[in-house]
Amino acid sequence: VRRVAASGFAAALLPMVATPGWNHPQWDRLWSAITDCALPAAMHQGTGHDMIWVRGPGAATTNLVATQAVAPRTATLLAASGVLERHPALHVVLVEVNAGWLAWTMHTADEYYVAHAHWSAPKLAELPSHYLRSQLHATFQRDPVGVANRSITGVDCLMWGGDYPHPETTYPHSRRVLRDLFADVDDEDAAAIAGGTAARVFGFDLPALVASSPMAEPR
């Protein structure tokens, strides 16, 4: 981690699923190294596990939905296990997982943590949702549900990305996609979701990126 940070990398790329799981104490040295280097941890969907869950009719769509369903599992594990609490400077970015699930996960994780307090361990200073709102971020291309739920999740956990050059990229229609997504969003929140939060978490010089971007699109 220290070597890649010194080389100028903006994040530590980790698999979404680890063996042993990310709640295992052996990873504490890794989380400490990441935060010491002021890097976020980025986890892309479909990494660290098999993406084939079912076969036959409907498998392609079902497998992608099932793969994205790993995101709430990983997010809850990091929050409920105390990883995020023990490492308050740690930011985890779950990449290309959409964001509509965040509101449901925050509510459900809190509900179960409280309802089963007699065996919920460790005991956290705050509810799991607190750590998800402040230290967990999810990226998406087109997710009006995630944007609409910002009154529940807050804005800091939402990160838009164009996903260029993949087939599901919003390019060359990103401006139109953003106009549709942010039609009812105030300018400050829209700016944070569209790039401000990412610039802060990854340590990017946002004005320099905007000025030098080769990805100019028609307005």
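Quick caveat: nothing in here was measured; it's all calculated off a predicted structure.
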For Leu64, the hydrophobic cluster (side chain heavy atoms closer than 4.5 Å, chained through members) also holds Met51
Joining Ile, Leu, Val, Met, Phe, Trp and Tyr whenever any side-chain heavy atoms lie under 4.5 Å apart, the cluster holding Ile52 also takes in none
>> Between Trp101 and Thr105, is there a side-chain donor-acceptor contact under 3.5 Å, judged purely by atom types and distance?
In response: no
Verify the distance criterion only: is there a donor paired with an acceptor across the side chains of Tyr131 and Glu85 at less than 3.5 Å?
-> yes
Inset, instruction - Measure centre to centre between the rings of His24 and Trp27, then say whether the value is under 6.0 Å. - result: no
Sorted by chain and number, sequence neighbours left out, side chain to side chain donor-acceptor pair (under 3.5 Å) with Thr67 holds for Trp53
(request) For Asp184, look at atom CG and say whether over 12 heavy atoms of other residues, nucleotides or ligands are found less than 6.0 Å away. (result) no
May I ask you to check whether over 12 heavy atoms, not counting those of Asp50, lie within 6.0 Å of atom CG? yes
Contact between [X] and [Y] at the side-chain level, heavy atoms closer than 4.5 Å - yes or no?
{"X": "Thr76", "Y": "Tyr113", "answer": "no"}
{"X": "Leu39", "Y": "Phe9", "answer": "no"}
{"X": "Val92", "Y": "Met43", "answer": "yes"}
{"X": "Met16", "Y": "Val97", "answer": "yes"}

Salt bridge (charged side-chain N to carboxylate O under 4.0 Å, His left out) pairs touching residues 16-37, sequence neighbours excluded, are Arg2-Asp36, Asp28-Arg86
*Would you please classify the geometry between the Tyr164 ring and the Tyr171 ring as parallel, tilted or perpendicular, with 30° and 60° separating the classes?*
perpendicular
Sorted by chain and number, sequence neighbours left out, side chain to side chain contact (heavy atoms under 4.5 Å, CB included) with Asp110 holds for Leu127, Pro128, Ser129
Sorted by chain and number, sequence neighbours left out, ring pair (Phe, Tyr, Trp, His ring centres under 6.0 Å) with Phe204 holds for Phe202
